[in-house]
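These notes are about the structure you will find just below.
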Amino acid sequence: MKSFTLIQWIIIIILSLLTALEPLSIDMYLPAFIPISKTFGTTLAAVQLSLTAFLGGFAIGQLFWGPLADKFGRKKPILISLGIFIAASIACIYVKTIEQLWVMRFIQALGGCGGVVISRAVVTDYFEPSKTLKIFTLLALIMSIAPIVGPLIGNAILTPFNWEGIFWVMVFLGIGLVLLTLFFLPETYKRVNRKPVGNVFNNYIHILKIKKFTFYALVAGVANGALMVYVGNAPYLIMEYGQLSGNTFSIIFAINALGLMIASYLTNVFQKYTTTQRLVKYALTVMSVTSILLMIAIFIHSNIYIILSILFVFIFPIGILFPATTELAMKPFTDNSGSASALFGSIQLLVAFFCTIIASLINDGSVVSVGVAYFICGLMAFFSILPKIKDDIREYKYR
């Protein structure tokens, strides 16, 4: 990391902030779920749908900003995307109904995802190939830290300024990124290399035909879906059912985020002893088994700390699945790795989007429905790995 110049460090900081925009926009407003539900006289399940809308907008938006960046360069699309993010963030403050909040969160995500997607392209444009891995590692670390600080920031803002203050912070964050991008981020994509937008969408169809990519993208989606179901239900489970304070909620959320970081780090250690494919299988197995234990613990109304302990074990393997599935899905690609990366992220978020919809539909306001939502995620994990288990059984029989 010492080999970077001052200008390169400034660019890395800007890209890190752009990358952190998504998790911060999700996690900062989690402590405000209950106040938002009271403001609009609605249920927590309805507020959770605003998270679902955000995920949907983020998944769809990625498919558009990538091709636009290949056509018009990096800087202008980032500025336009941030403009949309800022306008939608302001609109979120003045909405009158929960339905309007759903719409504005969707538009906010459409804008916010532009900087996240394009920042990866800027890395490959601007930096030498020998340095890109270091930068992507740093960006991944930022993505892991944001869920820790997000709820802490949101909880600190909530007391003096109510939930609207959280969206004002998003507005100022967006404005700050516009200024940084405008004055300090260079245009990194050469005009001679720019491709027609249509070619990129044709690449998406070609990429989807590669079974290995599609399988691991879906597995990554199941992992992200489980994480988003946890994120959406955590305020109710911890603060309302568990009767724990907002500060305690932030600490618990930080502990689980730290678990994800440790799991991601251990992935490199585990790879010395087993294959990445087996790591994925083991992680999904742990998720499946733990989801059953979690549902039982919630169903019999166990102590909240027992439930949270099991929940930590349920979340921990997700930290392994994220880097492992990314590596396996991206391995077949060289020339069109950018399009593959955008499609991978989009599929990942689309699956999470549908997981949160299912969780909202089955949510009847009881803690049991929360347990069922986790169990469904575990069931999806089991069915994801079922073909691999069948292959192992078949291989064992013919030894």
(request) Apply side-chain contact (heavy atoms from CB on, under 4.5 Å) to the pair Leu343 and Phe213, showing each step before the final yes or no. (result) CA-CA 10 Å; Leu343 188 58; Phe213 169 85; 3.9 Å; yes

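- No donor-acceptor pair closer than 3.5 Å links the side chain of Tyr216 to the backbone N or O of Phe344.
- Side-chain N/O atoms of Ser346 and Tyr204 include no donor and acceptor closer than 3.5 Å.
- Of the candidates Ile357, Val351, Leu349, Phe353 forms a side chain to side chain contact (heavy atoms under 4.5 Å, CB included) with just one, namely Ile357.
- Note on Tyr282 and Leu284: separate hydrophobic clusters, where clusters join Ile, Leu, Val, Met, Phe, Trp and Tyr whose side-chain heavy atoms are under 4.5 Å apart, directly or indirectly.
- The hydrophobic cluster containing Leu218 also contains Ile210, counting ILVMFWY residues as joined when their side-chain heavy atoms lie under 4.5 angstrom apart, directly or transitively.
- Note that CD1 of Ile26 and OG of Ser50 are 10.5 Å apart. Values are rounded to the nearest 0.5 Å.
- Val313 and Val370 end up in different hydrophobic clusters when Ile, Leu, Val, Met, Phe, Trp and Tyr side chains are linked at under 4.5 Å.
- The side chain to side chain donor-acceptor pair (under 3.5 Å) search around Thr325 returns none, not counting sequence neighbours.
- Judged by distance alone, the side chains of Tyr374 and Asn233 never bring a donor and an acceptor atom under 3.5 Å apart.
- Side-chain atoms of Thr214 come within 3.5 Å of backbone N or O of Leu208 as a donor-acceptor pair.
- Under the 3.5 Å distance criterion, the side-chain polar atoms of Glu187 are matched with a main-chain donor or acceptor of Lys75.
- Looking at residues two or more places apart in sequence or on another chain, you find a side chain to side chain donor-acceptor pair (under 3.5 Å) between Thr39 and Trp163.
- To the nearest 0.5 Å, atom CG of residue Leu350 and atom CZ of residue Phe354 are 6.0 Å apart.
- Formation of a donor-acceptor pair under 3.5 Å by the Glu22 side chain with backbone atoms of Thr19 is not found in this model.
- The aromatic rings of Tyr29 and Phe167 sit perpendicular, their planes meeting at an angle over 60°, well past the 30° parallel limit.
- Under a 3.5 Å cut-off, the side chain of Thr356 and the backbone N or O of Thr52 do not form any donor-acceptor pair.
- The main-chain N or O of Leu379 is never found under 3.5 Å from a side-chain atom of Ser288 such that the two would form a donor-acceptor pair.
- At least one donor-acceptor pair under 3.5 Å links the side chain of Asn303 to the backbone N or O of Tyr305.
- With rounding to the nearest 0.5 Å, the separation of CD1 in Ile86 from CZ in Phe172 is 10.5 Å.
- With hydrophobic clusters built from ILVMFWY side chains whose heavy atoms lie under 4.5 angstrom apart, Tyr236 shares a cluster with Ile34.
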